[in-house]
Amino acid sequence: MSCIFCKIAAGEIPADIVFKNERVTAFTDLNPMAPTHILIIPNQHIDSVDAIVNDETARAAAECLRAAREIAQARALTGGYRLVTNTGPDAGQSVPHLHFHLLAGRLMTWPPG
Ligand code: DGP
């Protein structure tokens, strides 16, 4: 297993874990781009949105969204938050394990750069 996010989900390398259940792990991003910057990943390895191809992978992705809502609620992110998932090189995906960036704590511009 060479995937760094698989290793974080398995507890093999350290991360600041903020949420964990059977299907999902969430941890603080190494290079935060907002006061709150959390990565939400399925514990199962899925390369990206492009690999959500069946009920199992769709459920894993949906569980990440449910975790996002639970994290936002637990942290009282009442001002709102942004969820981003980069897919492929043009979008800047650097880790090939599906992940959702949960960003909050500052005003976000739209459209993004
Ligand atoms: P993306 O560019 O969308 O693939 O985002 C990958 C993010 O993952 C990036 O913001 C930095 C973060 N990251 C990469 N390696 C690690 C790591 O080992 N630990 C943590 N906490 N974050 C990482």
Side-chain angles (χ1 to χ4, degrees):
M1 180 172 68
S2 61
C3 171
I4 192 153
F5 285 1
C6 282
K7 287 181 178 165
I8 288 174
E12 289 174 7
I13 64 169
D16 177 30
I17 307 282
V18 300
F19 177 98
K20 191 158 187 63
N21 67 21
E22 228 175 67
R23 291 175 174 273
V24 175
T25 301
F27 50 95
T28 306
D29 194 289
L30 210 54
N31 303 119
M33 290 189 282
T36 296
H37 188 168
I38 293 166
L39 297 173
I40 304 169
I41 67 168
N43 295 335
Q44 165 192 0
H45 184 88
I46 298 169
D47 282 346
S48 72
V49 169
D50 279 345
I52 300 172
V53 293
N54 55 29
D55 287 353
E56 188 192 2
T57 48
R59 179 166 179 204
E63 292 287 353
C64 290
L65 300 183
R66 174 151 64 182
R69 198 265 305 155
E70 290 181 19
I71 292 164
Q73 197 164 33
R75 291 178 168 240
L77 299 179
T78 51
Y81 55 95
R82 178 170 290 175
L83 284 176
V84 175
T85 183
N86 297 320
T87 304
D90 282 2
Q93 184 179 9
S94 61
V95 179
H97 181 129
L98 177 66
H99 52 281
F100 296 88
H101 298 257
L102 188 160
L103 300 149
R106 65 166 170 79
L107 269 183
M108 313 275 164
T109 57
W110 190 263

Hits for side-chain hydrogen bond (donor to acceptor under 3.5 Å, both in side chains) against N21, two or more places apart or cross-chain, chain-then-number order -> none
Locate the shortest heavy-atom distance separating A34 from A104; write the atom from each residue and the value. CB-O, 3.5 Å
Could you give all pairs that pass the ring pair (Phe, Tyr, Trp, His ring centres under 6.0 Å) test and reach residues 56-78, with sequence neighbours left out? none
Atom of P96, atom of S94 and distance for their closest heavy-atom approach: CD-O, 3.8 Å
Residues 105-113 side chain polar contacts: donor-acceptor under 3.5 Å, at least two apart:
residue	atom	partner	partner atom	Å
R106	NE	M33	O	3.0
R106	NH2	M33	O	2.8

Looking only at non-hydrogen atoms, find the nearest pair between I41 and F27 and report the distance. CD1-CE2, 3.8 Å
Under the rule for side-chain contact (heavy atoms from CB on, under 4.5 Å), what residues qualify as partners of N54, not counting sequence neighbours? E56, T57
Show me the pairs that pass side chain to side chain donor-acceptor pair (under 3.5 Å) and involve residues 64-76, at least two apart or across chains. E63-R66, R69-Q73
Show your reasoning for whether side-chain contact (heavy atoms from CB on, under 4.5 Å) applies to L39 and L30. CA-CA 9 Å; L39 297 173; L30 210 54; over 6 Å; no
Tell me every residue that passes side-chain contact (heavy atoms from CB on, under 4.5 Å) with A62, counting only those two or more places apart in sequence or in another chain. none
Output every pair passing ring pair (Phe, Tyr, Trp, His ring centres under 6.0 Å) with a member in residues 45-65, not counting sequence neighbours, ordered by first then second residue. H45-H97
What pairs of residues pass the ring pair (Phe, Tyr, Trp, His ring centres under 6.0 Å) test when at least one of them lies in residues 50-71, not counting sequence neighbours? none
Suppose the criterion is ring pair (Phe, Tyr, Trp, His ring centres under 6.0 Å): which pairs have a residue in residues 47-68, not counting sequence neighbours? none
Which Ile, Leu, Val, Met, Phe, Trp or Tyr residues join I71 in one cluster when any pair of side-chain heavy atoms under 4.5 Å counts as a link? V18, F19, V24, I38, I40, I46, V49, I52, L65, L77, Y81, L83, L98, F100, L102
Residue pairs meeting side chain to side chain donor-acceptor pair (under 3.5 Å), one or both in residues 23-41, sequence neighbours left out, come to D16-T28, K20-T25, T25-N43, D29-H37, H37-H101
